[in-house]
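Below, all heavy atoms of this structure are taken into account, side chains as well, without hydrogens, waters or symmetry copies. In this text, all values refer to a predicted model and were calculated from it rather than measured experimentally.
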Amino acid sequence: MKPECSRVMDSLGGPLPADLASHVATCEDCRSLVGGFDALGAGPAPVTPAPRLDAARQRALDELSAHPKPTPWWRELLVLLAVYTAVLGGALLFMGRNGQVGNSASPMVVAVVAVLTLVLVGGGAFVALAPARRRLSWALVAMAAVAVAATQVLGGSGQQVRPPMEGMLRCMGMEMMLSVLPLAAALVLLCRSAFQPVRALAAGLSAAGVALLVLHLHCPEGTVRHLLTAHVLPWLLLAGVAVLVRSRLPSRSHAP
Amino acid sequence: MARFCQGDSTAFDALFQRYARPVHGYLSRLTGSPSTAEDLVQLTFLSLVRARGRFQPGSRFKPWLYAIATNAARDSQRRSRRPEELTPEGELPASVPADTPAPRDSGLEQAVQRALAQLPEGQRIPILLHRFEGMSFAEIADAMGLTESAVKVRAHRGYERLRELLAALHQETQE
């Protein structure tokens, strides 16, 4: 679209300045644009009976009198982060009786991957719940997920401690169990705004990321196969489940 | 808006008086059903009350309200349709059923409605907000969560397509 076409769009509905009028005369796109705009306004306004909106007004007023104080969105974010912290802290304390960190990769690698996962957990919760003026980008969320997945897999120690199937089932079960509460909290809070699949995905990645972080610190298995199938794949599946479940839940509010 | 956010019912009433009818008109055009629009107005203002803590001070109220109304309509359509009837992006399909079937051509208004209903949601919403609600492209961009240039491109394509559709409908009635 040329700059003149953009200016023509801004001037639709009013008299066009001379330079724009001459542009319209020579630009086929703008002639179609003005033709379409004028065609919409050429007809008479539809005659419709006055809508019955008293019930809508009364219901909203009742809601307002029942809840005179608004709930700021950041309070919901704090609640979600508190749930994440409780699950993370509780799981690490419970499972770390014989040492907090079972991951035998180098401490620097363990720390970097843990921090990156923690950033995803916090950032995902933020973008899922914060009101945004622009739509969240699918590419951004996908890139964050790929980055965390890649560092989780590539940052493994390569060690195998248990038989593969036993280790896989243990970790998958633990990841599912630890994700129940964060996912439930995220879904409840997501229902307080309009359904947006990309936000639900961010919330799912963030909520299941808590369990991913626990496993990363606690699990002594470090083979690529184990990390991929028992840590990363369930994490991505749980995020997908979050989107599916959220799409089935009713929204308490349709605010963006 | 600030007084309403603090729970002032008089301020809410002022907002309702000012915006309820225009929002109803917008939702009627969007859904093709005035009675559905009445229900959606209720959901819109209920959402407005419930989610006023999400309103960002300093931002514009009208785009926010229309964003809520659009989301309510989208949610209602999503729930009343089978998933396979939605587009892969979860948007409304290009064609919206009317309350009553439109006659072949009982007037220009029906022709316009039929043409609008054939546009994809991404083009129909900017046109409805721009042509019928008198919103600027900056306001529409706020309401849709897009950039202003993206909204202009969509509206431009929509108006071009509408012109073609209306010409075709006009030709159809001439025959």
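Side-chain atoms of B:Tyr159 and A:Val34, non-hydrogen and from C-beta on, never get closer than 4.5 Å to each other. Counting heavy atoms from C-beta on, the side chains of A:Phe37 and B:Leu162 never come closer than 4.5 Å. By the 4.5 Å heavy-atom criterion applied to side chains, A:Arg52 and B:Val41 are not counted as neighbours. A heavy-atom distance below 4.5 Å is found between the side chains of B:Arg78 and A:Ser247.
Only the side chain of B:Gln56 comes within less than 4.5 Å of a heavy atom of chain A; its backbone N, CA, C and O stay farther away. With a 4.5 Å cut-off on non-hydrogen atoms, A:Ser6 touches chain B through its backbone and its side chain both. Contact of B:Asp13 with chain A is made through the side chain alone, with heavy-atom distances under 4.5 Å. Using a 4.5 Å cut-off between heavy atoms, A:Ser65 makes no contact with chain B at all. Using a 4.5 Å cut-off between heavy atoms, B:Ser149 makes no contact with chain A at all. For a residue to count as touching a neighbouring chain, one of its non-hydrogen atoms must lie under 4.5 Å from one of that chain's; by this rule B:Leu65 does not touch chain A. Looking at A:Arg75, neither its backbone nor its side chain comes within 4.5 Å of chain B, counting heavy atoms on both sides. Heavy atoms of B:Ala138 lying under 4.5 Å from chain A are absent altogether. A:Leu129 touches chain B through its backbone: at least one of N, CA, C or O sits under 4.5 Å from a heavy atom, while the side chain does not. For A:Asp62, no part lies near chain B; criterion is any non-hydrogen pair under 4.5 Å.
For the set A:Ala132, A:Pro250, A:Pro131, the count of heavy-atom pairs under 4.5 angstrom toward chain B peaks at A:Pro131. Counting heavy-atom pairs closer than 4.5 Å to chain B, the top residue among A:Cys5, A:Cys30, A:Pro68 is A:Pro68. Contact tally against chain A (heavy-atom pairs below 4.5 Å) for B:Ala67, B:Ala72, B:Ala51: the top residue is B:Ala72. Options B:Arg157, B:His130, B:Gln6, B:Glu148 differ in how many heavy-atom pairs under 4.5 Å they form with chain A, and the most are formed by B:His130.
In this structure, the separation between CD on B:Gln42 and CG on A:Leu53 is 9.5 Å, given to the nearest 0.5 Å. Note that the CZ atom of A:Arg135 and the CG atom of B:Leu146 stand 5.0 Å from one another [nearest 0.5 Å]. The NE2 atom of B:His156 lies 5.0 Å from the CG atom of A:Asp29; values are rounded to the nearest 0.5 Å.
In terms of modelled atom types and a separation under 3.5 Å, the side chain of B:Arg54 and the main chain of A:Pro256 share a donor-acceptor contact.
Summarising the geometry of A:Ala60 relative to B:Leu46, their closest heavy-atom pair is CA-CD1, 4.1 Å, with the distance given to 0.1 Å. Between B:Ile68 and A:Ala255, the shortest heavy-atom contact is CG1-CA, 3.6 Å. Summarising the geometry of B:Asn71 relative to A:Ala194, their closest heavy-atom pair is ND2-CB, 3.4 Å, with the distance given to 0.1 Å. Here the shortest heavy-atom pairing between B:Asp142 and A:Arg134 reads OD1-NH1, 4.1 Å.
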Intermediate values then yes/no, side chain to side chain contact (heavy atoms under 4.5 Å, CB included), B:Phe16 and A:Leu61: CA-CA 10 Å; B:Phe16 190 87; A:Leu61 279 171; over 6 Å; no
Steps toward side chain to side chain contact (heavy atoms under 4.5 Å, CB included) verdict (A:Asp10, B:Lys152): CA-CA 9 Å; A:Asp10 288 328; B:Lys152 279 185 175 175; 2.9 Å; yes
B:Val49 vs A:Arg59, side chain to side chain contact (heavy atoms under 4.5 Å, CB included): CA-CA, chis, key distance, verdict: CA-CA 10 Å; B:Val49 171; A:Arg59 183 123 190 252; over 6 Å; no
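Salt bridge status for B:Arg163 with A:Asp38: absent, with no side-chain N to carboxylate O gap under 4.0 Å.
Judged by the 6.0 Å and 45° rule, A:Arg57 forms no cation-pi pair with B:Phe45.
Of the options A:His67, A:His254, A:Glu63, A:Arg192, a side-chain contact (heavy atoms from CB on, under 4.5 Å) to B:Arg50 is made by A:Glu63 and by none of the others.
Residue A:Asp19 places its CG atom among more than 12 non-hydrogen atoms of other residues, nucleotides or ligands, all under 6.0 Å distant.
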